[in-house]
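This structure is a prediction, so every number in the text was calculated from the model and none was measured.
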Amino acid sequence: MRLLTKLLIMSFFVILIPMLIILLFSAFMLYQTSAISQWEYLKSIRDNFENEILNSEVEYLRVCKTAANTDFISDKLYVYEKYWTQLTDSLIAYDLKPVNSYLKDLSQKNDIETIAIYRRFHDNFNLVAQYGKNEYLPDVLYKDAVQKDYSSVKYRRYSDGLYLDVVYPVFSDGKLVGLVKLMRSYNEKFLIKYSETFEVDYALISKNVMMFNSNEITSNAIRQIVDDGIQDKRISFRAGSSTYNGFQIPFSLSGEAYGVLIIFLERMNLFSSDFYLMQRLIVVTLLCIMIPVLTFFIKEIRLIKTINSLLAATNNISSGNYNSMVEVRSRDEMGELINNFNEMIAVLKKNREDLEKQNTELSMKNSYIDAVFQSLRINIIVLNTDGKIKVVSKNASSRLELTEEQYGYSLLETEPFVQERRLLEKTLEDVFSARKFTRLYSVKFGNTSYEMDFYPVMESDKKLSAVVLILNNITERMNIERALMQSDRLASVGQMAAGLAHEINNPMSIILNHVQLLQTDKLIKSEKERFVGRIESEIKRVSKLINNLLKFSRDEQYVHERNDLSELFAEVIGLFDPKASAEKVDEFYSGITIIDKPASIYRINFNKKIISLYVEEQIETAELVCNRDSLKQVLFNIMKNAFESCTSEAGIVWTGVEFVKEGIRLTLSDNGCGISDEELLNVFELFYTQGKPGTGVGLGLPLCRRLMNNMGGEIGISSEKGKGTRVSLLFPA
């Protein structure tokens with residue numbers, strides 16, 4: 001279908017059909033205008049009337065309560081209730097003057113229609129004074145009739161309408177002495193005000209009785225609506241030859257309908273009153289249709305010619321001819337478009353020439369880069385944003401046995417990486433989300449250990465385009481570090497051996513003594529059993545000491561698992577002093593201030609010094625995912641350094657744990673000799689030590705940092721010469 005045909009069809013749908021819809025909609029809206037405007041008008045009258053009723057209820061109840069709680073009224077009714085029969089008429093008339101004046105002022109000030117006060121007489125109430133309309137105001141209020149109406153809003157029906165009736169009790173010294181009564185009428189006189197003001201009809205029905213109706217023709221229809229129990233506030237009904245719209249306003253008593261006021265208005269039909277309006281609307285609509293259709297058709301012809309010229313030039317460009325130019329025939333937006341099109345052709349021609357030149361140079365550069373990349377002696381793998389293998393260096397392909405068939409597959413599904421799928425999957429997720437360099441310090445594939453570096457490659461718009469994975473073979477380095485770690489452990493074991501010798505000699509002496517006693521054969525059966533049990537207990541004690549020492553010195557495999565931090569502390573403390581036991585304390589001295597945290601204190605016998613080791617109770621709730629033996633090695637080295645730095649008998653070491661955003665932070669602090677700023681810069685250097693000869697070879701802290709890195713954690717040290725040292729261990733969550 002040609003463009004001209006499409007434009008003609010479009011003009012039909014875009015202009016003609018919408019205008020016809022507008023015509024029909026306008027006719028419908030004209031038909032509905034009268035009803036909608038009447039509904040809105042009646043709704044505003046209904047809202048005004050309901051607000052006035054509600055405000056009257058609230059105001060009358062407030063005024064009634066105020067008058068009942070006035071000392072002047074309560075004092076008067078107290079006297080009248082007690083001494084009324086003893087007062088003369090002249091004295092009563094004189095005494096009622098200020099009462100009547102008070103009721104008058106209260107009524108005028110608050111726009112009260114009727115207000116009256118009653119004194120209590122036996123169980124009933126007699127009228128004392130009133131102001132305002134006194135019709136339907138009884139002389140006596142009987143107890144049975146008003147007692148349940150205290151402090152509530154009621155409506156009462158009389159011959160000329162409904163009346164708002166509010167009664168409030170008056171007390172004096174806790175004794176009921178009278179009542180205050182307020183009334184307001186909703187009758188024909190009151191409703192005429194709305195009829196004249198808003199020019200509407202109204203009808204009032206109570207208990208199936210039509211009390212008023214300003215339009216007698218509608219009485220039967222309105223009565224039928226009430227009899228049918230229609231609950232909708234908005235109603236529509238017919239009476240005679242007319243249709244009426246209206247609203248119902250219920251008067252309620254204790255939640256039950258007591259009366260219904262209906263405000264209504266005859267619905268007008270504009271078509272019946274002005275038929276020529278529709279004719280004029282149709283003529284104007286047709287004119288509005290024809291003018292844009294003709295204008296649009298003329299513009300379409302000119303537009304088609306220009307578009308055909310652009311189409312021909314575009315076809316020439318597609319075939320490689322960049323010398324086609326379109327003639328400019330107008331100065332409007334289409335003319336600007338043609339000018340821009342001609343300029344674009346010139347730019348495209350130049351860009352194509354430049355692009356061909358750049359493609360030639362880029363092809364040569366890519367060949368050079370590929371040759372350099374493949375000649376590198378390191379293992380490099382490039383992944384796309386889906387984690388699939390994109391490029392592999394020759395060295396990585398041969399070392400990791402990757403074939404070309406595996407290119408394009410997910411790294412996590414390729415051997416040997418599938419062996420550590422969970423670890424690599426989490427690491428790649430972190431790299432893709434954070435877009436930062438990430439390092440895995442030790443990942444083992446078979447018998448080979450690798451250090452894996454992940455480098456995100458970002459485009460100019462900071463969008464991630466690829467991830468470069470570099471694998472460094474650290475098997476030999478790991479073996480050297482493991483040997484260094486084992487030598488450090490053995491050195492520590494040698495230092496502990498002297499201290500444990502005494503612990504082993506004591507039970508061995510007991511065992512030897514008991515064996516000698518058993519050999520005398522002079523012991524009774526119970527003594528033999530007791531000595532044999534003691535020998536067994538001491539042998540187990542020696543076995544436990546030796547096993548702990550062997551377990552600490554053994555070269556364990558590096559496995560991550562969840563460990564209870566309090567158990568690790570207990571095992572490490574046992575390596576220093578097997579007899580050390582915990583005592584609960586509520587606060588302890590940190591060397592600078594008193595720390596009011598519950599903790600356990602251990603008295604450690606170390607190199608003829610008694611060290612006070614405080615461990616916060618919060619450590620008992622901490623669990624870490626780590627290598628158990630590596631963490632024991634770290635804790636042992638740090639505690640050993642802390643104990644050695646405490647040069648006096650009052651040495652204090654305290655430990656604490658914090659649950660922070662990054663994970664779990666474990667701190668170990670002491671009040672020892674501290675480290676100078678110059679020494680603090682070198683504490684993590686291999687073989688650097690400031691201790692006495694024989695106390696260490698400078699491997700402890702470097703190995704601690706390496707072990708923490710392998711577990712994905714961090715270690716930090718802060719110290720001040722002569723004031724102590726604080727070591728911080730941060731473990732990821």
Can you see whether Phe247 has Arg46 sitting over its ring - NZ or CZ less than 6.0 Å from the centre and within 45° of the normal? yes

Can Glu81 and Arg120 be counted as an ion pair, charged N to O under 4.0 angstrom? no

Would you call Glu429 and Lys426 a salt bridge, taking side-chain N to carboxylate O under 4.0 Å as the test? no

Hey, are the side chains of [X] and [Y] touching, using non-hydrogen atoms and a 4.5 Å cut-off?
X: Ile73; Y: Tyr102; result: yes
X: Leu464; Y: Phe432; result: yes
X: Tyr118; Y: Val167; result: no
X: Leu87; Y: Asp95; result: no
X: Leu176; Y: Phe125; result: yes

Spacing of [atom1] belonging to [X] relative to [atom2] belonging to [Y], to within rounding of 0.5 Å:
X: Leu106; Y: Ile112; atom1: CG; atom2: CD1; answer: 6.5 Å
X: Tyr186; Y: Tyr163; atom1: OH; atom2: OH; answer: 12.0 Å
X: Lys104; Y: Ile115; atom1: NZ; atom2: CD1; answer: 14.0 Å

All pairs passing salt bridge (charged side-chain N to carboxylate O under 4.0 Å, His left out) where residues 159-174 contributes a residue, at least two apart: Arg156-Asp165, Asp165-Lys181

Please walk me through it: do Asp105 and Leu103 pass side chain to side chain contact (heavy atoms under 4.5 Å, CB included)? CA-CA 6 Å; Asp105 292 343; Leu103 296 180; over 6 Å; no

